[in-house]
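Position 1 is the first residue of the sequence; numbering continues from there.
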Amino acid sequence: MIDVQVQLAPIFSTFRREVEELQDEILAQGRTSIRRQWPVSLTSGSTRWFKTGATLQGVKEETVTKDNNKSFRFWPTTDYAIFGEYGTGRAGASSGTPDPRGYRYGSKQGIRARRFGRHTISAVRPEVTRAAVELARKFAAHMTT
């Protein structure tokens, strides 16, 4: 009988943890960028929809983990913020973007959607993508050396 022992390199025991840490770091940077852009989107130009602190505070965020995937969700929660994001009445319904589940447009004229939440996400997307690619490259370089 021959006794064979195989000792795996430490990379095999820590790889999963390090990938999860990379994922968490990318999400944290994205969250920071979104939090910084949210007030800017509320107060800038044609998307202006900010008369009280209600809209600024009227957002919910969470990190969702499903299987091996994590995502960061960000959406308006207070009536004031929801009315601004999705509009109301016929004007809101004609804004052309699906409304959230359970939200109903009334029959009055109403207001058009201001889309400041979507504006926030589109404004930070290039920054978050660049940061994620940079982190992934550093991670890959570290794993292959």
Parallel, tilted or perpendicular: which describes the rings of F15 and F139, with under 30° parallel and over 60° perpendicular?
tilted
Verdict with reasoning, I2 to V4, per side-chain contact (heavy atoms from CB on, under 4.5 Å)
CA-CA 6 Å; I2 299 175; V4 177; 4.0 Å; yes
Output the distance between atom CD (E21) and atom OG1 (T14), rounded to the nearest 0.5 Å.
9.0 Å
Are more than 12 heavy atoms, taken from residues, nucleotides or ligands other than R125, located less than 6.0 Å from that residue's CZ atom?
no
Measure from the side-chain N and O atoms of R112 to the backbone N and O of G92, and report whether any donor-acceptor pair falls under 3.5 Å.
no
Check against side-chain contact (heavy atoms from CB on, under 4.5 Å), K138 and H142:
CA-CA 6 Å; K138 286 180 184 176; H142 171 71; over 6 Å; no
With a 4.0 Å cut-off on N to O distance, would you call K70 and E20 a salt bridge?
no
Looking only at non-hydrogen atoms, find the nearest pair between I26 and A132 and report the distance.
CG2-CB, 3.8 Å
Flag the pair R137 / V133 as yes when at least one side-chain heavy-atom distance between them is below 4.5 Å, and no otherwise.
yes
Side chain of Y105, backbone of Y86: donor and acceptor closer than 3.5 Å?
yes
Run the numbers on Y103 and T88 for side-chain contact (heavy atoms from CB on, under 4.5 Å), then give the verdict.
CA-CA 10 Å; Y103 188 77; T88 61; 3.8 Å; yes
Heavy-atom check, side chain of E25 versus side chain of L135, under 4.5 Å:
yes
Check: E61 and R31 side chains under 4.5 Å, non-hydrogen atoms
yes
Distance (rounded to the nearest 0.5 Å) between K60 NZ and F74 CZ:
13.5 Å
Go through the steps for S33 and E127 under the test side-chain hydrogen bond (donor to acceptor under 3.5 Å, both in side chains), then give the verdict.
CA-CA 8 Å; S33 298; E127 173 188 340; 2.8 Å; yes
Nearest-0.5 Å distance that lies between atom OG1 in T65 and atom CG in L27
8.5 Å
What do the steps show when you test I34 against Q37 for side-chain contact (heavy atoms from CB on, under 4.5 Å), and what is the final call?
CA-CA 5 Å; I34 289 169; Q37 182 63 36; 5.9 Å; no
